[in-house]
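First up is the structure itself, then whatever we jot down about it.
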Amino acid sequence: MGKAIDFKENVLSVPDDPVIPVIPGDGIGPDIWSAAQPVLDAAVARAYGGKRRIEWLPVAAGETAYNATGELLPQATVDAIRKYRIAIKGPLTTPVGKGFRSVNVQLRRTFDLYACIRPVRHFPCVPSPVKDPDSVDMVVFRENTEDLYAGIEWDKDTPEVKKVMDLIKELTGTELRPDSAIGIKPISETGSKRLVRSAIRYAIAHKRPSVTLVHKGNIMKFTEGGFRRWGYEVAAEEFGDVTITAADVRKNGGVVPDGRIVIQDCITDAMFQQVLLHPADYSVLALPNLNGDYISDALAAQVGGLGMAPGSNIGDGYAIFEATHGTAPDIAGTGKANPGSLILSGALLLDHLGWGEAAELVRAGVTNAVSAKIVTTDLARQMTGATEVSCSAFGKAVCDMM
């Protein structure tokens, strides 16, 4: 019988046999989880000689849960994640017109998972639309709870939107078109600082050279501009002994003192150019929610697509790791799905547990399988000389090639 992970004084206490809730998900979710679980179990067994193991606890959410219980996010699932603190999930569907807008967003709000962390790097032989995908090695920290994803909006021609329009006119003198819908974009000092704080801590722990604050502060002075300002403040106030601004580097003749992490910023639209033209110049990115949504998917496309892109949602004492792609119901049950995203997200879960040796085995297995061109349909059709295998066979190849 496994044990619950504890969290005291901001530190996880992980037993050798933690219980980890798993939401297989909808569409291809059960297919990719069936391929991923043996990989994670094999890595843990090999790394620790059987002294550690994970007890997986299946729970439900999304369309599968709704069809069975009438609830998109059953209370039993919430209770299990609250008790055991860490979970992993496949892609989820939120049926149109049923409850809240997104089960994924609801999970993030319920557990205040404020940092969506997505490492993006290229695996050898994976097809890419850019000339030098190996130059892409970035970790995206996307704020997960604010911005437009707060979901505060009013439809046109409603009494509520009329009140908001009247208030806007009163406060600013701006008269909006009467057939406008309106959305609110909240970005707080608290939310911004804790996100940037996490990004800087990650850069310190992983010896990353820079953290870039990506924003549209030239237009949105107080929200996105605030994100930039508060990011610089938290760097100076809490990490002044290990950080240096790009402006100070320029004053220093372009020399970065040993052991210092460069804190810099970039306008969002310029960043989309930079990650294409000069990706090697960027390491850790910190962004408000919507910008982070765009840039993380764009970066994934540069290294082969979402099928090989892991993702995690981290809060204080809680974390959910997930496949970053959709449910792809048209290929569910066919064995054609690529489980790479969920397998690599499982490696992030192992890192979070402090089981780095097992995590590296998972990544090595994926790297070796893909390098040998043993891949699923999505990658095989882009490669010359590839061996096309099923979802489960790819998982087995990863296990065999750790």
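- With a 4.5 Å cut-off on side-chain heavy atoms, Ile88 and Ile320 do not count as touching.
- Side-chain atoms of Asp316 and Tyr114 include a donor-acceptor pair closer than 3.5 Å.
- When atom types are taken as modelled, the side chain of Ser371 and the backbone of Asn368 share no donor-acceptor pair closer than 3.5 angstrom.
- Geometrically, Arg197 does not engage Tyr202 in a cation-pi contact, judged by NZ or CZ lying under 6.0 Å from the ring centre and within 45° of the ring axis.
- Note on ring orientation: taking the six-membered ring where Trp is involved, the planes of Trp33 and Trp56 are perpendicular (angle over 60°, cut-offs 30° and 60°).
- Defined by atom type and a distance below 3.5 Å, a donor-acceptor pair is present between the side-chain atoms of Thr268 and Asn291.
- Under the 3.5 Å distance criterion, with hydrogens and angles disregarded, a donor-acceptor pair is assigned to the side chains of Glu357 and Tyr48.
- Between the side chain of Asp248 and the backbone N or O of Ile244 there is no donor-acceptor pair closer than 3.5 Å.
- Salt bridge Lys51/Asp17: absent, no basic N to carboxylate O contact under 4.0 Å.
- Here the side chains of Asp6 and Val11 are not in contact, with every heavy-atom distance at 4.5 Å or above.
- Judged by the 6.0 Å and 45° rule, Arg82 forms no cation-pi pair with Tyr84.
- At distances below 3.5 Å, not a single donor-acceptor pair connects side-chain atoms of Arg52 with backbone N or O atoms of Asp16.
- Not one N or O on the side chain of Glu322 forms a donor-acceptor pair closer than 3.5 Å with the backbone of Ser345.
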